[in-house]
Amino acid sequence: MVLLSLVASHHDLDLAVLERLQSDVQAVGREVVAATPAVTGAVVLATCNRFELYLDVDDTAHTPRARRAVAKAVAARSGYAPDAVVEHLRPLVGGDASEHLFAVASGLESMVVGEREIAGQVRRALTTARRDGTTTSTLEALFQAASRASRAVEAATGLGSTGRSVVGVALDLAARTLPRGGATGAAVPAVDGSGAPETAAEAPDGADWQAVRCVLIGTGSYAGASLAALKARGVRDVRVFSPSGRAGQFAAQRGVTALPAGADLLAEVAQADLVVACSGAAGAVLGVEALAAARRTAQRPLTVVDLALRHDVDPDVRTLPGVALVSLQSVAEHAPAEHAALQHARDVVERAADDFEADRRVREWDPAVVAERTRVLGGLEAALDALPDASPDDAHARSLRRRARAQLHGPTVAARAAARAGDAAGYARALAELAAIEVPAVVPTRG
């Protein structure tokens with residue numbers, strides 16, 4: 001068996017490309033497992049800035065077949081040609097794949113280093129694969145180890161302990177263009193193409209979050225994280241809109257106001273200071289022309305935070321007077337890495353990945369060791385059982401068992417240590433030593 005990961009992220013690709021690759025993403029894992037016996041399991045990790053597949057492949061020689069199956073499934077949904085999909089998905093095999101996932105789960109590969117949301121997304125990816133019946137023991141162990149690595153990084157380095165996240169950085173940027181003191185009609189600072197102020201000096205000192213009127217679009221995991229972050233900053237007036245009609249339950253559980261199905265979203269937005277959009281709906285929920293019409297007589301500036309990969313908000317709204325836009329691209333450009341703890345965190349991840357690979361080799365190589373031990377000890381028990389007058393609990397039988405286990409102990413320990421170290425030659429020598437141990441001769445004892 002071999003672990004294969006196919007990775008596309010904001011490091012390598014434009015977010016628009018990632019959006020296309022993720023079309024109907026959850027069906028890909030099921031389809032790939034069904035398409036070829038070479039792939040025994042699959043877990044799909046899809047977030048606002050990455051699309052990754054983790055595959056359990058039955059043999060290293062079959063990894064090209066697995067990649068073709070993935071390319072075909074993704075191409076059918078994204079509109080890209082299979083060859084283009086292959087180019088977009090960077091392959092990682094074995095230890096490289098596990099180390100990458102551990103780094104991802106720890107927030108080291110995120111737009112915001114140490115972000116918190118990704119650890120939960122990694123756990124949910126495994127839960128979804130379990131529901132779809134596409135996990136294997138190897139993938140279960142991999143994703144559980146990734147969660148442990150994430151906790152180890154947090155404990156050892158404190159990365160993320162300050163609450164930094166994609167949502168947090170986006171709201172930091174939004175604060176620069178929100179009116180101070182809850183004032184209305186304040187001018188929006190000049191913004192660059194990403195919707196953030198040109199320099200920190202041009203931005204207001206900070207927003208009076210308690211006076212902010214916010215419309216939250218979406219009810220998924222990012223909406224929950226966004227609402228928690230808004231409340232932590234003191235926002236009291238949050239109105240939830242759901243394109244799918246789930247606002248009522250979401251809002252009731254969190255003590256905020258739900259906009260009823262069929263509500264005039266544009267009318268609400270026209271009265272808002274801040275819109276946080278993270279529904280991931282197909283197509284823009286807020287279009288530039290509709291928003292321009294709704295704001296024709298607006299006196300208050302509007303800051304829009306769009307955290308949806310598929311753009312809940314038409315990016316051209318940044319061209320409207322009095323409107324500032326913070327997007328995922330804004331976050332990518334303005335989020336600083338926490339350099340002081342970064343190298344320590346990567347060391348923790350590397351050690352965790354080494355331990356996982358060592359444990360995996362032991363599990364993979366151990367059946368041959370177990371078979372030799374079973375041959376000797378099982379053969380001894382069979383010989384003892386065949387004696388007509390000997391009891392398996394008598395002193396002679398116990399002595400034979402002790403001697404057999406003593407003979408097996410040394411080469412067993414050596415074989416497993418070699419497996420942990422990846423020492424194939426040392427493992428082969430220890431296994432040969434085990435194979436040379438004969439089943440003890442059983443001599444009947446006189447009663």
Side-chain angles (χ1 to χ4, degrees), residues 9-10 15 18 22 25 45-51 104-128 146-147 150-151 153-154 159-175 178 207 209 212 214-244 246-247 249-258 272 274-281 285 303-313 325-332 334-335 338:
S9 79
H10 66 97
L15 292 177
L18 286 173
Q22 292 193 39
V25 65
L45 175 61
T47 75
C48 64
N49 52 37
R50 70 181 58 257
F51 171 51
V104 167
S106 301
L108 303 185
E109 300 294 331
S110 297
M111 287 182 175
V112 182
V113 174
E115 65 144 319
R116 296 171 300 171
E117 286 96 340
I118 187 62
Q121 290 164 334
V122 167
R123 291 193 298 271
R124 287 191 290 275
L126 179 60
T127 299
T128 300
S147 293
S150 174
R151 293 192 294 271
V153 165
E154 174 64 22
L159 272 179
S161 62
T162 58
R164 294 192 65 79
S165 65
V166 170
V167 173
V169 172
L171 293 181
D172 287 346
L173 295 175
L178 287 169
W209 289 97
V212 168
C214 177
V215 174
L216 175 63
I217 300 175
T219 55
S221 59
Y222 254 115
S226 298
L227 180 57
L230 288 165
K231 285 186 171 183
R233 290 167 186 253
V235 178
R236 297 170 179 172
D237 188 351
V238 179
R239 297 152 193 248
V240 181
F241 175 81
S242 171
S244 59
R246 291 192 289 265
Q249 181 179 1
F250 177 92
Q253 292 173 342
R254 294 164 176 82
V256 293
T257 302
L274 174 66
V275 172
V276 178
C278 45
S279 77
V285 179
T303 300
V304 178
V305 175
D306 187 0
L307 297 177
L309 180 61
R310 293 175 174 81
H311 297 304
D312 276 348
V313 181
L325 174 66
V326 176
S327 65
L328 286 174
Q329 192 62 41
S330 309
V331 173
H334 291 83
E338 299 177 23

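These values consider heavy atoms only, across backbone and side chains, with no hydrogens, waters or symmetry-generated copies.
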Testing the basics here: between [X] and [Y], what is the closest heavy-atom pair and its distance to 0.1 Å?
{"X": "V212", "Y": "V235", "value": "O-CG1, 3.9 Å"}
{"X": "G218", "Y": "V240", "value": "O-CG1, 3.8 Å"}
{"X": "A175", "Y": "W209", "value": "CB-CZ2, 3.6 Å"}
{"X": "L18", "Y": "R50", "value": "CD1-N, 4.1 Å"}
{"X": "A229", "Y": "V167", "value": "CB-CG1, 3.7 Å"}
{"X": "V313", "Y": "A277", "value": "CG2-CB, 3.9 Å"}

At what distance, to the nearest 0.5 angstrom, does [atom1] of [X] lie from [atom2] of [Y]?
{"X": "T128", "Y": "L45", "atom1": "OG1", "atom2": "CG", "value": "10.0 Å"}
{"X": "R233", "Y": "C214", "atom1": "CZ", "atom2": "SG", "value": "11.5 Å"}
{"X": "L307", "Y": "D312", "atom1": "CG", "atom2": "CG", "value": "9.0 Å"}
{"X": "I118", "Y": "L108", "atom1": "CD1", "atom2": "CG", "value": "11.0 Å"}
{"X": "R239", "Y": "I217", "atom1": "CZ", "atom2": "CD1", "value": "14.0 Å"}

For this session: Tell me, please, which residues at least two apart from R254 pass salt bridge (Lys or Arg N to Asp or Glu O under 4.0 Å).
Result: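 Not a single residue meets the salt bridge (Lys or Arg N to Asp or Glu O under 4.0 Å) criterion with R254.
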Exercise. With S150, which residues qualify under side chain to side chain donor-acceptor pair (under 3.5 Å), at least two apart?
Worked result: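 In terms of side chain to side chain donor-acceptor pair (under 3.5 Å), with neighbours along the sequence ignored, S150 is linked to no residue.
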Problem set entry | Residues that R123 engages under side chain to side chain donor-acceptor pair (under 3.5 Å), provided they are two or more places apart |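 Listed in chain order: nothing, the list is empty.
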Do side-chain atoms of [X] reach the backbone of [Y] as a donor and acceptor pair under 3.5 angstrom?
{"X": "D306", "Y": "H311", "value": "no"}
{"X": "S327", "Y": "Q329", "value": "yes"}
{"X": "Q22", "Y": "T47", "value": "yes"}

Exercise. Do the non-hydrogen side-chain atoms of E154 and R151 ever get within less than 4.5 Å of each other?
Worked result: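 E154 does not reach R151 side chain to side chain.
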For this session: Under the side-chain contact (heavy atoms from CB on, under 4.5 Å) rule, what do L216 and C278 come out as? Steps first, then yes or no, please.
Result: CA-CA 8 Å; L216 175 63; C278 45; 4.1 Å; yes
